[in-house]
Protein chains: 2
Amino acid sequence: MRALAVEDDARIATDLTSALQAAGFVVQTCADGEAAWFLGDTEDFDLIVLDLGLPRLDGLTVLKRWRAAGRDMPVLVLTARGTWSERVEGIDAGADDYLPKPFRMEELVARARALVRRSAGRGGAVQSAGELTLDANRMTVARRGVPVAVTALEYRLLGYLMLHHARVVAPGELLEHLYGDDFSREANALEALVARLRRKLGPGIIGTRRGFGYFLQGAEAQG
Amino acid sequence: MRALAVEDDARIATDLTSALQAAGFVVQTCADGEAAWFLGDTEDFDLIVLDLGLPRLDGLTVLKRWRAAGRDMPVLVLTARGTWSERVEGIDAGADDYLPKPFRMEELVARARALVRRSAGRGGAVQSAGELTLDANRMTVARRGVPVAVTALEYRLLGYLMLHHARVVAPGELLEHLYGDDFSREANALEALVARLRRKLGPGIIGTRRGFGYFLQGAEAQG
DNA sequence: GCGAGGCTGACACCGCGCTGACACAACGTA
DNA sequence: TACGTTGTGTCAGCGCGGTGTCAGCCTCGC
């Protein structure tokens with residue numbers, strides 16, 4: 001974990017550094033707004049602790065510029081003045097958390113850890129098998145990175161096959177998953193669906209085991 | 001946006017509700033820990049405001065149980081006692097933010113909004129995706145910098161889509177977060193809402209994936 | 001070579017999603 | 001209180017995309 005501590009009071013800066021280091025961060029410090037802005041914009045930090053009262057460039061301005069530039073690292077703001085309107089201002093400028101001086105180092109560290117933990121927990125719901133990639137967020141399908149337009153039903157079929165990509169899935173099971181208890185469909189509906197999908201995806205994606213069912217042709221080539 | 005306010009003091013609960021509603025949340029309240037635990041575990045909220053002093057089940061316990069169950073919605077904790085050790089305890093239990101009583105409703109709302117935005121990985125009060133810009137303070141919308149007059153409901157729809165601008169949002173989810181548990185509306189209400197919004201914003205902003213839902217058309221047009 | 005299971009193109013149908021018109025409630029105003 | 005205004009849900013209708021059905025062909029396995 002890399003942390004940047006922006007603080008012009010040398011004593012507080014020292015305390016900050018040692019506290020963060022004790023919590024496992026690699027700490028870099030800087031003492032004025034211009035330098036902070038440059039560092040935060042050009043380098044990658046897992047956390048920034050930002051004092052608002054800074055020489056050369058105000059902390060709030062620095063923060064706003066980072067956010068305007070699309071930098072979204074967690075920023076913990078420190079300020080001497082503790083009025084509520086100040087705090088609202090800081091939060092609206094894009095601060096992730098706020099701590100009024102004076103504060104206990106234990107609390108700062110706890111909040112720092114919480115911020116980092118939270119920002120780490122953002123992942124994509126993208127899964128892939130073989131050449132195929134499904135994006136559950138955008139509901140899109142791609143083969144070798146080339147997007148393929150699929151309908152809702154086709155997507156669900158692919159999703160189920162990918163979920164069980166290591167085995168051959170029986171037509172009955174697929175029908176049940178796609179349509180639930182509604183057995184009004186003929187078995188051919190599934191075959192038509194697979195055919196359309198194959199036309200869109202090209203060969204080598206959906207395989208057939210005659211008499212057993214369908215499977216995703218991925219890493220493991222089934223005879 | 002759906003918010004749950006857990007607060008046993010009726011007067012504070014009322015104030016909370018109206019403040020959050022004014023900020024565009026659909027608010028549900030409950031007054032004891034058991035009910036809060038159940039609601040937070042079974043339903044989907046964009047934000048939970050949690051008082052620690054609760055009858056039947058302590059707020060901290062409720063929070064820990066949610067986290068243990070893998071529920072990761074943003075939780076803003078309120079407490080009467082403002083000692084720093086208390087705060088550390090709350091944060092370690094999984095709180096995303098902390099506000100000691102007494103507090104200003106303005107600050108609570110600012111923090112609430114910040115939490116919600118942050119949970120989607122974004123910073124400031126002004127957020128944009130593609131050509132669209134939302135200002136959470138003024139509740140205004142602009143396309144390419146040109147302001148567009150939208151109603152409260154339209155704004156909330158856009159806000160939710162922008163919060164989840166990377167994914168396709170199902171109609172059911174939109175209905176739930178726009179109206180809460182009130183299922184009196186026909187699905188067509190949403191379609192009408194989207195239609196009106198599209199007329200105001202012009203084409204190329206709100207996209208449809210037939211069978212899936214709606215999404216914000218940003219830089220990336222889907223395949 | 002035969003038969004059954006699987007594939008495919010054509011087609012029809014259905015329902016999803018869009019739209020304009022209307023109804024009605026909430027609100028401000030004269 | 002009566003009246004416009006505004007916001008929003010409801011309704012009916014419609015176009016079209018998605019999907020099931022069908023008939024016929026292909027192909028695998030014996």
Side-chain angles (χ1 to χ4, degrees), chain A residues 139-141 148-161 168-180 182-215 217 222-223, chain B residues 18 21-22 24 26 139-141 148-161 168-215 217 222-223:
Chain A
M139 300 293 183
T140 55
V141 175
V148 178
V150 249
T151 70
L153 198 61
E154 290 166 353
Y155 181 90
R156 286 206 286 148
L157 173 63
L158 281 179
Y160 194 79
L161 283 183
V168 176
V169 183
E173 186 182 341
L174 277 173
L175 283 171
E176 189 182 337
H177 175 254
L178 289 178
Y179 306 113
D182 181 3
F183 287 114
S184 62
R185 274 90 176 172
E186 308 252 330
N188 197 355
L190 179 61
E191 294 165 15
L193 186 64
V194 170
R196 278 190 278 258
L197 212 30
R198 285 210 251 241
R199 197 182 316 156
K200 289 181 180 179
L201 295 171
I205 297 289
I206 303 178
T208 307
R209 290 299 292 263
R210 194 170 251 254
F212 291 102
Y214 299 98
F215 63 97
Q217 290 174 299
Q222 306 245 3
Chain B
S18 48
Q21 277 174 347
V26 177
M139 297 264 203
T140 56
V141 176
V148 178
V150 289
T151 69
L153 195 60
E154 289 166 353
Y155 179 88
R156 288 201 279 148
L157 173 63
L158 281 179
Y160 194 80
L161 283 182
V168 175
V169 184
E173 183 182 342
L174 277 174
L175 285 172
E176 185 180 338
H177 286 259
L178 286 178
Y179 305 114
D181 279 343
D182 183 1
F183 287 113
S184 60
R185 275 89 177 172
E186 307 256 327
N188 198 353
L190 179 61
E191 293 163 17
L193 186 63
V194 170
R196 279 190 275 259
L197 210 30
R198 285 211 251 241
R199 201 177 313 154
K200 289 182 180 178
L201 295 171
I205 298 288
I206 303 178
T208 307
R209 292 295 301 269
R210 194 173 249 253
F212 289 115
Y214 298 98
F215 65 99
Q217 290 174 297
Q222 92 291 354

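Below, read A as the first sequence line, B as the second, and so on, with proteins coming before strands; counting in each chain starts at 1.
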Side chain to side chain contact (heavy atoms under 4.5 Å, CB included) with B:Val148: of B:Leu158, B:Leu201, B:Thr140, only one passes, and it is B:Leu201
Please pick, from C:dC18, C:dT8, D:dT10, the nucleotide with the shortest atom-to-atom distance to any side-chain atom of A:Arg198. C:dT8
Any A:Arg209 side-chain nitrogen or oxygen under 4.0 Å from OP1 or OP2 of D:dC28: no
Heavy-atom closest contact (A:Tyr179 atom, A:Ala189 atom, distance): OH-CB, 4.3 Å
Any side-chain N or O of A:Tyr179 under 4.0 Å from OP1/OP2 of D:dG20? yes
With the side chain defined as heavy atoms from C-beta on, B:Ala192 is closest, among D:dG20, C:dC7, D:dT10, to D:dT10
Would you kindly give the CD1-to-C1' distance between B:Ile206 and C:dG17, to the nearest whole Å? 14 Å
Which heavy atom in B:Val26 sits nearest to a heavy atom in B:Arg156, and how many Å separate them? CG2-NH1, 3.1 Å
Any A:Arg199 side-chain nitrogen or oxygen under 4.0 Å from OP1 or OP2 of C:dC7: no
B:Leu178 CG - D:dG7 C1' separation (whole Å): 14 Å
Base, sugar-phosphate alone, or nothing: which one does A:Leu193 contact when heavy atoms must sit under 4.0 Å apart? nothing
Could you tell me how far apart B:Asn188 (CG) and C:dG15 (P) are, to the nearest whole angstrom? 16 Å
Just N and O in the side chain of A:Thr151: are any of them under 4.0 Å from OP1 or OP2 of D:dG17? no
In this structure, how many angstroms lie between the P atom of C:dC18 and the CZ atom of B:Arg210, rounded? 8 Å
Starting at atom CG of B:Leu190, determine the distance to atom P of C:dG17, rounded to an integer number of angstrom. 10 Å
Consider side chain to side chain contact (heavy atoms under 4.5 Å, CB included). Of B:Leu197, B:Val168, B:Thr208, which one does B:Tyr214 pass it with? B:Thr208
By nearest-nucleotide position on DNA chain C, the 5'-leaning member of B:Tyr214 and B:Arg196 is B:Tyr214
Would you kindly give the CG-to-P distance between B:Leu153 and C:dA26, to the nearest whole Å? 15 Å
Where is the tightest heavy-atom contact between B:Tyr155 and B:Val150, given as atom of each residue plus distance? CB-CG2, 4.2 Å
At less than 4.0 Å, is any side-chain N or O atom of B:Tyr155 found next to OP1 or OP2 of D:dG7? Yes or no. no
